[in-house]
Amino acid sequence: MKIRSTLTALALVSGALLAPGFGVLSSATEAHAATKISHATATSMFRSSGITWSSSGGCSNRNNPTCTSFDQLNLMSAQGAQTLRSASGCALNITGGTETGHASGTYSHWNGYKLDFAKGTCVGNYIKNTFSYIGARPGDGAPQWRSGSGNVYADEGNHWDVTYYNCGGC
């Protein structure tokens, strides 16, 4: 029975390491099925990490572009924000989530891959001094930095637009 338990555990660990989007063999260039979370789950995660959020409309309705919603956010995006908060030690305020009104695409806000963060000296310095500058984003020319895990941080002038391909080492 002990051998069976060990083999089962080994199989689970192997599966986790090789699972698309989660394991060591994942790629930032391929879209994978992602675990979606609710607004309530995301806010609980953010609150527990000391991450704040705000909305110009003071609401969380996913279908209202003046709201900040986390409905259908990818779990790895929420975990990525938590990783950024703990690694940087900076205050983080999320100003954009999965609500309508952002650019479309596979790795979009609507599809749960992106979060917007308010600008701040601490987080700006952390991104620019820790991650690799990768040039201007095609289309709008926003300067971009890539973390060691492959997540991309774009400086859109009045906020950071972050694309989470993974949890950032959570």
Side-chain angles (χ1 to χ4, degrees), residues 16-39 41-43 45-46 49 51 53-56 60-88 90 92-120 123-124 126-128 130-170:
L17 289 174
L18 301 176
F22 296 99
V24 295
L25 297 181
S26 64
S27 167
T29 59
E30 300 175 23
H32 299 291
T35 300
K36 303 292 184 178
I37 60 175
S38 68
H39 183 82
T41 297
T43 57
M45 291 174 68
F46 296 148
S49 295
I51 298 170
W53 57 95
S54 57
S55 159
S56 60
S60 62
N61 183 333
R62 180 167 157 82
N63 295 304
N64 181 338
T66 66
C67 296
T68 298
S69 175
F70 305 123
D71 278 331
Q72 297 298 305
L73 183 67
N74 294 338
L75 175 60
M76 66 184 174
S77 298
Q79 292 169 328
Q82 290 179 305
T83 300
L84 177 63
R85 169 73 173 105
S86 65
S88 70
C90 300
L92 290 181
N93 182 56
I94 301 171
T95 59
T98 59
E99 65 280 348
T100 189
H102 299 279
S104 62
T106 301
Y107 297 105
S108 64
H109 282 270
W110 183 261
N111 288 337
Y113 287 91
K114 288 188 169 214
L115 289 170
D116 288 342
F117 294 98
K119 290 292 255 327
V123 73
Y126 178 81
I127 291 167
K128 292 176 181 178
T130 307
F131 305 146
S132 300
Y133 179 72
I134 58 170
R137 184 167 60 190
D140 66 359
Q144 303 177 105
W145 286 261
R146 179 175 287 124
S147 70
S149 63
N151 297 323
V152 176
Y153 296 72
D155 182 347
E156 292 192 345
N158 63 350
H159 68 274
W160 287 99
D161 176 78
V162 183
T163 307
Y164 287 105
Y165 298 104
N166 57 65
C167 68
C170 59

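Note: hydrogens, waters and symmetry copies are ignored here, and every other heavy atom, side chains too, is used. Residue indices begin at 1 and follow the sequence shown.
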*asked:* Which heavy atom of N111 sits nearest to which heavy atom of G105, and what is that distance?
replied: ND2-O, 3.0 Å
*asked:* Any non-hydrogen side-chain atom of I51 less than 4.5 Å from a side-chain atom of I94?
replied: yes
*asked:* For the backbone of G168 and the side chain of N166, can you confirm whether one donor and one acceptor N or O come within less than 3.5 Å of each other?
replied: yes
*For Y153, which of Y165, F131, W160 qualifies under ring pair (Phe, Tyr, Trp, His ring centres under 6.0 Å)?*
F131
*To the nearest 0.5 Å, tell me how far I134 CD1 sits from S147 OG.*
9.5 Å
*How long is the gap from CD1 on I37 to CG on L73, to the nearest 0.5 Å?*
5.0 Å
*Test salt bridge (Lys or Arg N to Asp or Glu O under 4.0 Å) applied to D161 - qualifying residues, sequence neighbours left out*: K114, R137
*Short question: side chain of S88, backbone of C90 - any donor-acceptor pair under 3.5 Å?*
yes
*asked:* Out of the candidates D155, N93, N158, only one should pair with K119 under the side chain to side chain donor-acceptor pair (under 3.5 Å) rule; please name it.
replied: D155
_Looking at every heavy atom in both S108 and A103, which two are closest together, and how far apart are they?_
CB-O, 3.6 Å
_Using 0.5 Å steps for rounding, measure from the OG atom of S77 to the CE atom of M45._
10.0 Å
*Are any side-chain N or O atoms of N61 and backbone N or O atoms of N63, one a donor and one an acceptor, separated by less than 3.5 Å?*
yes
*Could you give the distance from OG1 (T68) to CG (L115), rounded to the nearest 0.5 Å?*
10.0 Å
*To the nearest 0.5 Å, tell me how far F70 CZ sits from W53 CH2.*
6.5 Å
_Backbone of C167 reached by a side-chain donor or acceptor of T83 within 3.5 Å_ = yes
*Mind checking whether Y164 and V152 have side chains closer than 4.5 Å, heavy atoms only?*
no
*Mind running side-chain contact (heavy atoms from CB on, under 4.5 Å) on K36 and D71 for me, showing each step along the way?*
CA-CA 8 Å; K36 303 292 184 178; D71 278 331; over 6 Å; no
*Do M76 and Y113 touch side chain to side chain, with heavy atoms closer than 4.5 Å?*
yes
*side-chain contact (heavy atoms from CB on, under 4.5 Å) assessment of V162 paired with D116*: CA-CA 6 Å; V162 183; D116 288 342; over 6 Å; no
*Check each of R62, H39, H109 against T98 using the side chain to side chain donor-acceptor pair (under 3.5 Å) test, and report the only one that passes.*
R62
*So how far is it from E99 CD to S60 OG, rounded to the nearest 0.5 Å?*
10.0 Å
*Would T100 and N64 satisfy side-chain contact (heavy atoms from CB on, under 4.5 Å), going step by step from the backbone distance to the final call?*
CA-CA 6 Å; T100 189; N64 181 338; 5.9 Å; no
*Without swapping roles, check the side chain of S132 against the backbone of W145 for a donor-acceptor pair under 3.5 Å.*
no
*Mind running side-chain contact (heavy atoms from CB on, under 4.5 Å) on Q79 and N74 for me, showing each step along the way?*
CA-CA 9 Å; Q79 292 169 328; N74 294 338; over 6 Å; no
